[in-house]
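Worksheet: the structure to be examined is printed underneath.
Remember, it's 1-based here, ligands and their atoms both numbered in the order they're listed.
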Amino acid sequence: MNHQPSAILQPTTNNQRPSTNNQQLWPHNAPFALFLSHDIDQIHDRELFRILADLNHVRRMWTQGEKGNTALALRRVGRALFSPKPPERDFETILEIEARYGFRSTFFVLHDPYWSRQGPRYTLQSAALHRIIRMIQAAGCEVGLHGGYYRFNQPALYRESRLALQEALGVDAVGIRNHLLRFSYPETWLAQEAAGFKYDATFGHPDQLGPRGGRMFPFLSSTMNHEPSTINHEPSTLLVLPLTVMDVTLFRSLGLTGQQALDAAWGAITPVIQAGGLVSLLWHNNYFNEPEYRDWQWVYEQLLSRLAALKPWCGTGKEIVSCWS
Ligand SMILES: [Zn+2]
């Protein structure tokens with residue numbers, strides 16, 4: 001489904017600190033930068049696809065040895081049916097955790113038809129979503145587009161999503177991250193740029209920790225090629241914010257738990273800190289306040305606490321674009 005030339009999978013020579021006359025790469029002379037982000041795939045507790053996904057999770061635990069806790073998963077299904085969690089709660093929790101350190105983050109809203117395969121399990125017209133967006137904006141955080149699974153290389157469909165966010169939520173999305181990190185080089189970036197986005201936060205491995213291709217700094221999408229370009233287009237203005245660690249990679253792909261997950265995440269983050277680069281984290285809202293996923297939230301809190309102690313500059317995607325240009 002994805003095809004990338006091998007060159008972009010390998011650590012490269014021009015991925016290190018950009019050469020500047022000025023030593024001050026980040027605002028306030030911070031030693032490194034931090035980009036916190038959340039992909040909003042679902043917001044409702046009592047929702048058909050979510051309940052089916054939980055039951056499927058239980059089935060996989062029984063039949064395929066997937067990590068998890070059957071009793072807690074079933075209890076969540078019961079909660080969804082009889083006493084659903086308010087949609088705002090997980091967002092309040094995320095904002096509260098980040099506010100402890102004065103951090104602000106970026107939330108990517110998924111746009112696709114509700115019933116579509118791999119679609120969002122909410123609509124842009126949902127009153128709960130509107131309340132959540134207002135809460136996010138009031139906290140000084142950013143709202144971007146979470147690009148639909150089948151839109152990942154389609155400029156016209158990206159434009160449609162951008163317009164939908166404008167019309168339904170009054171959001172002018174500057175940045176984008178594709179659902180499930182769907183990415184095709186160079187089509188994804190060309191399509192995103194054509195649709196008017198200024199940055200992409202998709203570039204990362206879904207099943208591996210650490211920056212893809214060793215990329216620790218933002219870079220323009222047109223500087224991806226280290227060989228003569230195979231495509232004929234003008235130099236890009238689309239800034240790529242490479243991903244460092246995603247929650248699902250730690251806990252699902254690698255099957256880690258608790259302290260092990262924290263150690264692995266910190267191991268992936270440390271080289272980026274040492275290089276003075278951009279540490280970029282992706283944690284999904286629907287794993288907060290969940291007894292079964294307690295360590296997902298715990299690791300996020302621990303990482304933020306450790307990072308804060310090192311005094312990074314934390315910016316939303318939009319602010320990183322301004323700072324970088
Ligand atoms: Zn997603």
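Side-chain contact check for T316 versus F107: every heavy-atom pair is 4.5 Å or farther apart.
Both the sub-6.0 Å distance and the 45° axial angle are not jointly satisfied by R117 relative to the ring of Y149.
Other residues, nucleotides and ligands contribute more than 12 heavy atoms inside 6.0 Å of the CZ atom of R306.
Screening D41, D45, L55 for a side chain to side chain contact (heavy atoms under 4.5 Å, CB included) involving R50 leaves a single residue, D45.
Around the Zn ion (ligand 1), the protein N, O or S atoms closer than 2.8 Å are D41 OD1, H146 NE2, H179 ND1, listed by chain and residue number.
Ring orientation note: the planes of W189 and F203 are tilted relative to one another, at an angle of 30° to 60°.
With T270 contributing its side chain and W266 its backbone, the two residues share a donor-acceptor pair below 3.5 Å.
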